[in-house]
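Presented below is the structure to which this report refers.
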Amino acid sequence: MNTNQDQPILRMENVSKVFGGVTALREVNLDVFQGDVLGIIGPNGSGKTTIVNSITGFISLTSGRIYFKGKNITGKKPHKIADMGVTRTFQIMRPYYSLPAYKNLVIPLFSPRAKRTGGWRGGGRLGDRKTIAIDILEEIGFERDSYIPFKTTSTLPTGYLKRLELARCLALQPEVIICDEIFSGLSMSEIASMVPLIERIQDDGITIVMIEHRLRELFQVANRVMVLNFGEKLVEGTPDEVMANEQVKEAYFGSEKIEEVMTYA
Amino acid sequence: MLEATDLMVFYENMLALNNISISCRDNQIVGVFGANSAGKSTLMYSLSGIMLDIRKKEKMAGGERITLTGQLTFQGKDIMDMKPSDRARAGIVLCPERRRLFKESSVMENLRIGGYLATKAQARESLDYVMTLFPALQKMTKRLAGFLSGGEQQMVAIGRALMAQPKILLLDEPLMGLSPLMQATLIRAVKKIQEQSDISIIVSEQYARPVFPIVDYAYILENGAAVMEGTREELMDNPDVKSAYFGMS
Amino acid sequence: MSSQTRRKERIDRGIKVRSEGLYALMSWREMAYLILPRFMLIAGLLCLPFLMPGMYWQRVISIVCIYAIVAISFDFLAHYVGLVCLGGAFFIGTGGYIAGIFNAYFGMPPVLTIPLAAIAGGAFCTLLLLPCLPLRGVYFAIVTLMYPLFMARIIEAFDIFGGTDGILGIDSFPSAFVEQYFVVGILLVFVFGLRRLVTTDMGLIFTAVMDNDQAVRASGINITYYKAMAVFIASAMGCLAGACLTHIYMWSGISQFALDFSILPIAATVIGGAGTLVGPVIGCLILVPVSELLRDFGTLRIVFYATILVAFILFRSDGIMAFAKRKYEQIERWTQI
Amino acid sequence: KPIILGAPLSTAYLYGWDAERGIRLAVDEINAKGGVAVGSEKRPFAVEVIDTRDLEPGVPVSEALMAVERLILNKKADFIVGGPNRSEAALAALSLLSKHKKVSIVTSGVLTPKYHQTVEANYDKFKYAFRIHGEAVNLIGEIIANFADLKEKYGLTKVFIMAQDVSHARGAAEVMGKVAASKGFEVTGTEIFPTGATDFSMALLKVKSTGSEIINIWMDMPESAILLKQWYDLKIPALPFGSTLAAAEQPGFWDATEGKGEYTLCNVVNAGNAPSEATPWTMKFYDAYTEKWGVEPEGLGSSSSYMAVYALKDAIERAGTIDSDKVVTALEQIDMVGVYGRLRFDPKTHQVIPSTDPKEGAVGSILQWQDGKRVVVYPKSIAMGEILLPPWMEK
Amino acid sequence: MEILVYGTINSVSLALMGLGFAMVYGISRVPNFAHGALYIICGFVTWTILQKLGLPYVVAIFLSLAVNGILGILMYRFILIRVRGMNISEIISSYAIGLAILEGLRYGGFRGMTYTLPVFMEGMVFIGGVPVDYHRIIMVIVGILLVGGLWLFTHYTRLGLALQGMAQDERAALMLGIDSDFMAMLAMGFGAVLAGVAATMILPLGNIVVESGYHVLIMSIAVCIVGGLGSWIGAFFAAFIIGFAQILTVVFIGSHFQMVVALLAIILTLILKPSGLFGQQKELEDRV
Ligand SMILES: Nc1ncnc2c1ncn2[C@@H]1O[C@H](COP(=O)(O)OP(=O)(O)OP(=O)(O)O)[C@@H](O)[C@H]1O
Ligand SMILES: Nc1ncnc2c1ncn2[C@@H]1O[C@H](COP(=O)(O)OP(=O)(O)OP(=O)(O)O)[C@@H](O)[C@H]1O
Ligand SMILES: [Mg+2]
Ligand SMILES: [Mg+2]
């Protein structure tokens with residue numbers, strides 16, 4: 001897929017990040033192309049979340065550059081980057097706990113970007129934010145006629161919170177969504193219901209970067225996978241290529257049998 | 001060892017736990033499985049007594065009223081009204097979901113705070129044990145816990161709970177955010193803990209499959225009620241359970 | 001505990017549920033249910049000047065209103081935007097000085113100085129607080145606590161605007177009547193205005209910023225802008241109160257930056273009910289007169305005052321208004337489990 | 001029906017409580033003699049004191065203004081005597097007084113010249129305000145006169161000025177420096193201390209190294225006692241001379257400095273605040289005060305507060321009414337001999353007219369601590385003793 | 001040299017003032033606005049014991065420290081415990097308690113300028129040509145020992161660690177068997193004792209006056225905030241920044257700018273390093 005496009009939508013050039021002595025990223029290069037679903041995997045602490053943070057401007061880089069559609073976005077403020085269309089979810093969920101669930105979406109719908117784009121599949125009909133918010137929630141798996149969208153977010157269970165994270169990104173009508181472990185903490189059936197959703201989002205032409213430990217589901221949706229280890233890019237390729245790679249096995253599965261470990265993934 | 005009968009928890013008017021009876025015998029691993037909002041965390045909080053603290057704080061701030069009824073016995077003693085800190089002293093230690101580390105302290109300090117109840121010798125021993133369990137932690141003892149990655153924090157949280165010399169360890173979704181390798185390691189470690197130091201463990205998970213091989217007995221929660229319980233074998237044979245919690249059909 | 005078989009249940013009153021939404025317009029009872037509390041507040045405040053025995057107590061009412069304005073601005077910032085600002089005196093002082101300067105030095109009448117103080121003062125305060133906006137929680141609180149001290153020191157050190165003597169000879173309101181109804185009116189406008197504001201989209205964003213600013217940034221919204229906006233609103237209110245105070249006492253001086261002006265509104269908010277916007281008004285209606293009643297005790301007054309304050313906080317730790325609201329909207333009853 | 005005197009005072013502070021005692025003493029004396037003759041009837045005085053807390057840091061002046069308003073509106077005070085005590089508060093209260101047309105006599109604490117200047121500048125508006133004790137400029141004059149004495153007698157010419165970091169003290173120190181220089185003294189240095197400073201040894205050493213012979217101190221903070229202790233310990237050969245040195249005014253000063261404050265000179269503004277024979281009334285007041293309250297007059301406002309009540313009585317009796325405007329006129333014409341000399345107000349500024357001779361006007365007094373006692377050494381006309389030099393200064 | 005010596009002394013006394021506040025906040029997350037009052041009351045209690053009961057100075061000091069500790073504990077036990085976790089209520093109620101204590105003392109006759117405590121040791125030495133009295137030297141030593149001791153205590157003893165943990169996440173601490181109410185009470189008592197220590201060290205250099213309670217409160221808050229709340233070491237360094245800023249202004253600009261500069265230093269530090277010198281709260285909270 002990436003061959004027929006010349007310019008990557010997201011590009012990381014020699015990105016490094018050092019947190020006072022700890023090198024979280026070391027000279028990472030990465031191209032993400034329009035329409036990709038890129039998976040990033042790696043052991044704990046390998047720098048995956050750091051990649052997300054650096055792309056979305058939540059941390060400043062030690063060195064390197066990041067481009068979005070050819071424009072240099074290094075050092076830009078998070079809200080500027082989000083405004084350009086790169087959105088993210090948070091690994092440690094950050095919904096608005098004190099608001100009712102649907103109002104979580106009214107906020108991104110109020111943002112300048114949503115006003116410009118009309119919001120998620122909005123097409124300019126940004127009249128009633130509440131209706132749109134509930135539409136999005138339905139899309140993402142909240143039962144429409146239930147009272148759940150109206151419950152205070154803090155009383156919602158993890159599964160809904162994870163979805164809210166994603167919904168918040170969708171509301172902005174983004175070009176790139178970076179999901180940080182949205183499958184973790186979800187039950188089997190819920191993950192199963194999320195997978196088609198991801199595919200649908202991809203069909204809408206939105207580029208997705210997914211960070212996951214649930215390899216099985218990840219491989220269902222991802223067309224490319226990058227493996228990080230100790231802040232360094234190990235390999236990049238299709239899921240099968242990656243799984244076949246010896247280095248990856250070594251770093252990610254250790255000495256265990258892949259099959260056995262995969263039962264956990 | 002730990003036995004709860006007719007446990008009921010109301011958040012204001014919402015019934016979060018409905019008449020749950022659970023028991024955990026000595027040196028047993030008990031699994032509590034359930035989808036989101038089944039009430040796993042509520043159960044864990046009730047068992048460890050944190051619910052009392054939550055209730056107190058809510059009352060003070062004029063928030064929702066939490067009602068808690070039922071019987072809870074630990075080693076034959078009624079502990080329903082026991083303060084959470086005393087329960088920990090008695091040996092019920094919870095490793096909560098969302099980690100709740102001491103963010104501003106270093107990893108080592110986190111572990112040492114965990115060892116508050118332990119004697120010096122015990123603390124040293126458990127520290128070594130945690131370090132062999134999670135070798136990754138060895139390199140980061142000086143770093144602030146709040147800056148660790150999600151998975152690393154999870155390891156510290158479990159290590160910290162182990163430091164508290166539990167007799168019964170409550171693990172609330174311990175696998176969340178861990179890499180497959182880490183999950184495998186952890187599960188094996190849990191088994192090893194149970195075998196080596198005769199600790200009982202109650203572990204809650206959404207996704208039963210990784211944990212299932214090591215549990216002796218399991219409960220399945222749905223909407224706050226225990227809809228099913230049984231030994232591993234019994235549940236294994238049940239097709240509903242299989243599809244819902246193991247993702248296989 | 002373990003033998004407990006009953007629990008207390010709280011349910012919304014039927015009338016409350018009915019009066020949410022359009023149905024409210026269908027019966028007088030429901031209309032009354034909705035309107036009565038608001039009406040009571042408005043009517044009560046408007047009547048107060050008449051009910052007060054004598055000029056002095058009427059004056060106390062003006063002071064109550066001034067404190068109440070500062071208190072609701074604090075409540076708004078703290079509980080709807082998440083910026084706990086302990087610097088109420090900063091606003092009062094700035095507003096007071098601006099009004100004083102324009103009145104005494106340039107001869108502007110109060111009708112001009114008061115709005116001017118609100119706008120210019122709000123802008124000034126916002127500008128000075130701008131660098132602190134990234135601060136969080138206690139840090140923001142304490143820095144704002146320092147600001148009024150800082151301003152007072154600056155005026156003292158540079159000996160500007162009358163130095164420690166302050167500005168004298170400022171015009172008062174044309175009459176006591178105008179003064180009281182002006183502050184009461186302003187207070188009502190602010191209370192209802194803010195209550196409206198916090199339910200708008202803008203208010204929602206304020207709440208979101210308080211809840212979780214990182215997520216707001218991730219939604220492509222500039223949080224600094226919104227925080228500054230909120231600070232402007234709050235400080236303009238505070239400055240307006242300060243300007244009124246200046247005209248009431250016909251004086252402005254560095255002690256308008258005194259700690260008391262920061263603390264009292266917060267105390268009123270705490271006992272009145274934080275996050276309700278009406279609570280602070282009620283808190284002020286209690287605290288200020290109590291303080292006046294205690295004047296006869298001389299030095300002991302503050303001791304009693306502090307004790308009463310603590311007692312209130314302990315007795316109703318969630319605040320009077322929150323308590324009243326719950327009682328008004330919900331019934332409690334025992335149910336069998 | 002009593003005539004109500006409202007006294008807004010910061011009663012937790014020296015200048016507040018000494019004024020209250022002075023006022024109450026006078027009122028009791030007057031009432032015991034039957035009260036005030038207003039026209040044909042005799043009316044007693046009644047005192048309402050409200051604590052203004054205005055000397056307390058961190059308390060807004062509006063608190064004091066509230067107190068004044070309460071006295072006027074709620075306690076129905078006919079006259080205001082005493083405070084507010086802080087200059088700033090007293091100035092702020094001027095507007096209220098004119099608004100309510102209440103005659104007020106400030107008796108303690110307010111030293112700023114701005115007070116009577118304000119009255120003068122806007123007489124019609126602020127004519128209700130009077131001040132019955134000496135003000136800062138006046139104090140400086142007295143001190144300079146004293147310096148001249150010292151120069152003549154002991155040949156002391158080098159002055160070192162120390163002031164507390166508050167604007168009035170700073171301002172006064174500056175003026176002092178200029179005036180002293182113009183009168184042929186050498187000002188060897190000026191040192192400003194922040195309020196609450198507790199170490200003065202550096203400055204004291206500077207005093208020594210510059211060969212200064214007089215230390216002029218402008219501080220009303222309690223820590224000034226430390227300054228004197230250190231002065232004693234270091235045996236600095238310069239005579240400490242305080243103006244508004246609140247710490248040294250109080251009889252308790254001796255204990256607070258463990259006797260190390262001996263030889264300290266201090267201006268207590270008006271006669272009567274320390275024992276002297278200014279007028280026949282002075283010691284009578286002094287003894288009556290001591291008897292009634294069990295302590296000697298302490299602050300700089302005891303005698304003036306006492307006199308304020310008598311002045312009011314006099315004015316009311318002459319006016320024959322308690323109508324404010326008439327009383328103002330009567331007060332402007334007052335001419336009586338009081339505790340600290342002849343009492344007259346300048347009709348334009350409403351400031352009491354000062355003098356060094358009790359027969360001519362209100363006399364100040366400067367005392368020196370000698371062997372545990374406060375000895376008035378200035379003005380000459382009322383002096384009880386001579387200025388002494390500490391042994392290590394005697395040549 | 002003069003700057004160095006007096007800067008140090010000034011800084012240490014600021015640090016001493018701040019320690020108690022930092023301690024209580026660092027451990028129980030209660031911003032103890034009664035800190036200044038506790039400071040002053042210790043001075044008066046010592047004075048009373050010394051002058052009225054005539055007990056020896058050392059006994060008086062220890063007794064009054066004990067009184068202070070008990071006071072702190074009582075304050076927590078009966079009042080603050082009921083508003084734990086509600087920060088604004090905590091501020092207001094502790095401030096009110098402080099106010100009541102201070103004004104109560106004033107009412108009780110502790111006013112005026114005649115209350116002083118004797119210094120521990122008379123006399124002075126010259127350090128590099130600058131005269132310093134022994135008491136100040138003792139104060140500096142005690143201050144440094146105290147800060148060091150506290151640092152060791154909180155980082156290396158079981159109790160200290162537990163207190164540290166409790167401060168950060170009370171519920172997590174509960175899960176580990178740390179009794180949070182008891183700990184907070186302990187912290188409060190301990191903080192009160194520290195306020196007392198500061199009082200007994202600093203007050204002999206000046207007079208005991210009620211007003212300085214407010215001053216002490218403001219300065220101690222400032223020190224703690226600049227240092228990063230809850231970090232003793234931070235508070236110590238912050239005291240040095242503010243202390244030297246003050247002394248330098250006095251020497252080079254003029255003493256009436258002292259407070260201006262001190263406050264400016266505080267505001268600037270925070271703007272540049274939003275969670276204080278050694279705090280990392282903001283960074284932690286911003287970590288996503
Ligand atoms: N703000 C920070 N300050 C210091 N160190 C940090 C910070 N953020 C991350 N780190 C460190 O950088 C490394 C990479 O962290 P990161 O969160 O990117 O890991 P991750 O790949 O997302 O891991 P996980 O799968 O466990 O979430 C970790 O070792 C972490 O401790
Ligand atoms: N503080 C609270 N107030 C009101 N309702 C609550 C509160 N906490 C939890 N609940 C509700 O109680 C039910 C059980 O919640 P609980 O957190 O125990 O579920 P869980 O099984 O742990 O889910 P998860 O997988 O999300 O962790 C949920 O429906 C939740 O919405
Ligand atoms: Mg991560
Ligand atoms: Mg849970």
Side-chain angles (χ1 to χ4, degrees), chain C residues 74 78-79 84 86 128 130-143 145-147 149-154 156-159 213-215 217-218 259 263-264 266-271 274 297-315 317-319, chain E residues 25 29 31 33 78-79 82-83 86-108 111 214 217-218 221-222 224-226 228-229 253-264 266-268 270-272 274-276 279 281-282 285-288:
Chain C
F74 166 79
H79 299 106
V84 180
L86 299 187
L128 283 196
L130 214 51
C132 310
L133 289 184
L135 296 184
R136 280 168 187 276
V138 206
Y139 289 91
F140 184 82
I142 304 289
V143 174
L145 184 69
M146 300 285 165
Y147 263 94
L149 305 178
F150 184 63
M151 288 304 290
R153 294 296 165 181
I154 289 208
E156 188 183 341
F158 289 96
D159 210 10
D213 48 359
Q214 298 291 359
R217 296 166 88 190
L259 195 60
I263 298 283
L264 197 131
I266 303 173
T269 311
V270 169
I271 72 166
F297 288 103
T299 321
L300 257 191
R301 162 172 165 243
I302 300 299
V303 179
F304 285 132
Y305 183 66
T307 317
I308 291 175
L309 188 59
V310 171
F312 257 114
I313 293 176
L314 293 191
F315 170 64
S317 49
D318 51 342
Chain E
Y25 186 84
R29 290 288 131 111
F33 273 53
F78 289 103
I79 296 167
R82 318 222 358 213
V83 289
M86 290 180 278
N87 255 321
I88 301 172
S89 301
E90 281 167 356
I91 290 183
I92 295 297
S93 48
S94 60
Y95 184 76
I97 299 170
L99 208 60
I101 294 179
L102 287 177
E103 299 297 323
L105 281 174
R106 215 197 284 279
Y107 179 77
R111 50 194 186 183
Y214 298 102
L217 174 64
I218 297 283
I221 293 177
C224 295
I225 287 286
V226 172
L229 276 170
I253 306 181
S255 76
H256 49 292
F257 284 98
Q258 195 190 32
M259 270 310 263
V260 176
V261 171
L263 291 168
L264 201 65
I266 294 166
I267 294 174
L268 276 184
L270 285 180
I271 289 168
L272 296 178
S275 28
Q281 217 149 13
K282 181 175 161 62
E285 277 179 31
D286 282 350
R287 162 123 165 78
V288 286

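Treat the numbers as computed from the prediction; the structure is a model and nothing was measured. Lettering follows sequence order; numbering is per chain, from 1.
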Set of residues satisfying ring-ring contact (aromatic ring centres under 6.0 Å, His included) with respect to Phe150(C), sequence neighbours excluded: none
Where does [X] contact chain C at under 4.5 Å (heavy atoms): side chain, backbone, both or neither?
| X | value |
| --- | --- |
| Ile91(E) | side chain |
| Leu102(E) | neither |
| Phe33(E) | side chain |

[atom1]/[X] to [atom2]/[Y] distance, rounded to the nearest 0.5 angstrom?
| X | Y | atom1 | atom2 | result |
| --- | --- | --- | --- | --- |
| Leu217(E) | Leu145(C) | CG | CG | 8.0 Å |
| Ile101(E) | Ile302(C) | CD1 | CD1 | 14.5 Å |
| Ile313(C) | Ile97(E) | CD1 | CD1 | 9.0 Å |
| Cys224(E) | Tyr139(C) | SG | OH | 9.5 Å |

Part of [X] within contact of chain E (heavy atom distance under 4.5 Å):
| X | value |
| --- | --- |
| Ile271(C) | neither |
| Ile308(C) | neither |
| Val303(C) | both |
| Phe74(C) | side chain |

By side chain to side chain donor-acceptor pair (under 3.5 Å) - contacts of Glu103(E) (at least two apart): Arg106(E), Tyr214(E)
Quick check: closest heavy atoms across [X] and [Y], and the distance to 0.1 Å?
| X | Y | value |
| --- | --- | --- |
| Ile221(E) | Met146(C) | CG2-CE, 4.4 Å |
| Val270(C) | Ser89(E) | CG1-OG, 3.5 Å |
| Ala96(E) | Ala306(C) | O-CB, 3.1 Å |

Interface residue of largest heavy-atom contact number with chain E, from Leu314(C), Leu309(C), Thr269(C), under 4.5 Å: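 Max contact count across the listed options: Leu314(C).
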